[in-house]
Asker: 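Have a look at this one.
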2 protein chains.
Amino acid sequence: MTDERGLRLAALPRDHPCGRCEVRLDTFCGALKAKELAEFKALGSTARAEPGQCLFHEGDTAELVFNVTRGTLKLYRLLPDGRRQIASFIQPGDFLGLTVEEVHAYTAEALEPVDYCRFPRERFDRFADEHPEIGRELYAMAAHELAAAREQIVLLGRKTAIERVASFLLARFDRVRARNPDWEIVRLPMTRTDIADHLGLTKETVSRAFTSLRRRGLIALIPDARVELLRREPLEHLAAGERG
Amino acid sequence: MTDERGLRLAALPRDHPCGRCEVRLDTFCGALKAKELAEFKALGSTARAEPGQCLFHEGDTAELVFNVTRGTLKLYRLLPDGRRQIASFIQPGDFLGLTVEEVHAYTAEALEPVDYCRFPRERFDRFADEHPEIGRELYAMAAHELAAAREQIVLLGRKTAIERVASFLLARFDRVRARNPDWEIVRLPMTRTDIADHLGLTKETVSRAFTSLRRRGLIALIPDARVELLRREPLEHLAAGERG
DNA sequence: CTGCCCCTTTGATCTGAATCAACGGGACTG
DNA sequence: CAGTCCCGTTGATTCAGATCAAAGGGGCAG
């Protein structure tokens, strides 16, 4: 699989508009041949968002879809009195903005500088209709996100504070590991408040959980918002809910 | 849309194997013409599950996919110490068993007598590959379920007990209303414990929330596990999190 | 009809995490 | 370089919901 993808990457002409895209093979673009990819790319444009800027707000009509190539966003909903829930963090390779509704149900805000491709929804849909291989990839991505969302449901419904934080950290480590198998340090571009709003906790409780994991020797907190994984197994036990 | 579907339903020959299926147009079967539908149906078989029986367990290899035609199931995960989270309730017209993993991450257990069609996953995938219109429906269903899952994430992460119960009830009422616009009574085939395990609460808290909603005159509890909607608006305010 | 079981409801008490409060530190600003 | 702001951490107190406990009711087997 990696080899095949490697070949396809190598096969892309030098002057191809997606030639420098680092996440091409992590998203459905990887399912397209060079020519189709160029056609696809021409449907949209690229842009950058600075920290705090939003690609769209809850309630906006969904006119564009996005493909993130660099940086992290948070996808959140606000309740009328200010309570906030971050449904998920969006990372390079993630697709964003697809909705069955006419209107976005969440706000997508950049946590750090974000580069992305954007496509008018109508054109995107037409292209997808004409390219079944895209449809298949889209379905696979939706299924994947659904699995992640249900994992989050288990976390929010039944796990304790420290189990939630352990699960969150492991998910981050595993995401890094998918690319660098022996990388044991992860950067967390989001604040404690963001993590809390993702895990259904408060920033104080998240902070205490980090401290507790550090004291138990499972992780180390490194300057510049980084965390090192010291002992994976007990962290996995905690995350799985084994009352450790 | 309803008219178009009505026509398509009427167009199905009398002796068609799906002729009596009441949910055909609620699921992707509705996107198939009579002949293709018959071919599709022939790929699998129908069966019934009694209350308490499981279509599959967490950890089983995912060899079959299911289409529920009657009855309700619960889809749940157990943590090692017995904590349980019901990811969702599955109803007629819902598709079940699709997973990106080789193995089911949840158990699907019947709450009441359940009729369903089942298909070997491999054959189903092949059929879907050959019929792009199915792929599109599958994607739409996955996107729909993802939206529902994220709604549940907001509920579990940030809503209070009574807001959760109000949201749950409204979702039930709306599901009924989609078919019978002025129907204000809904049957709840699941126990208080099931509802609690869906909403991240305990059965006692769920029961107290029902009592509170009844005392406020928003709902009435009717024998035979039924609930009547008396005042929709305040219930909607509660569900939206307006601190009523 | 009786007894058993399970479900629901209600009450009393407990507790994990929220809230309230304070402090230290890094980044930016004027 | 003082001032401000935001972030993270830690401590004290509070509270929503969990847990523990008990009683009532419907369904069903014998």
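To find a chain, count down the sequence lines: A is the first, B the second, and so on, and within it residues start at 1. Any value given below was found using the heavy atoms of this structure, including those in side chains, with hydrogens, waters and symmetry copies removed.
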Asker: Suppose we screen for side chain to side chain donor-acceptor pair (under 3.5 Å). Which residues come up paired with A/Thr61, at least two apart in sequence or across chains?
Answerer: A/Glu63
Asker: Just the endpoints, please: which first and last nucleotides of DNA chain D, 5' to 3', lie under 4.0 Å from a heavy atom of chain A?
Answerer: D/dG8 to D/dA12
Asker: For A/Thr202, which contact category applies under a 4.0 Å heavy-atom criterion: base, sugar-phosphate, or nothing?
Answerer: base
Asker: Let's see if you get this right: which residues in residues 71-83 of chain A place a heavy atom under 4.0 Å from DNA chain C?
Answerer: none
Asker: Can you tell me which nucleotide in C/dT8, C/dA17, C/dT10 comes closest to the side chain of A/Thr160?
Answerer: C/dA17
Asker: Using the side chain to side chain donor-acceptor pair (under 3.5 Å) criterion, which residues pair with A/Thr99? Sequence neighbours excluded.
Answerer: none
Asker: Categorize A/Leu221 for me: base, sugar-phosphate, or nothing, with a 4.0 angstrom heavy-atom threshold over every strand shown.
Answerer: sugar-phosphate
Asker: Under 3.5 Å, is there a donor on one side chain and an acceptor on the other for B/Tyr106 and B/Arg77?
Answerer: yes
Asker: To 10°, what angle do the rotation axes through the five end pairs on each side of the helix from C/dC1-D/dG30 to C/dG30-D/dC1 form?
Answerer: 30°
Asker: What about A/Phe124 and A/Phe66, are their ring centers closer than 6.0 Å?
Answerer: no
Asker: Of the nucleotides C/dT9, C/dA17, C/dG11, which has the atom closest to the B/Arg208 side chain?
Answerer: C/dG11
Asker: Could you work out, with side chain to side chain donor-acceptor pair (under 3.5 Å) as the rule, every residue matching A/Arg179, not counting sequence neighbours?
Answerer: A/Asp26
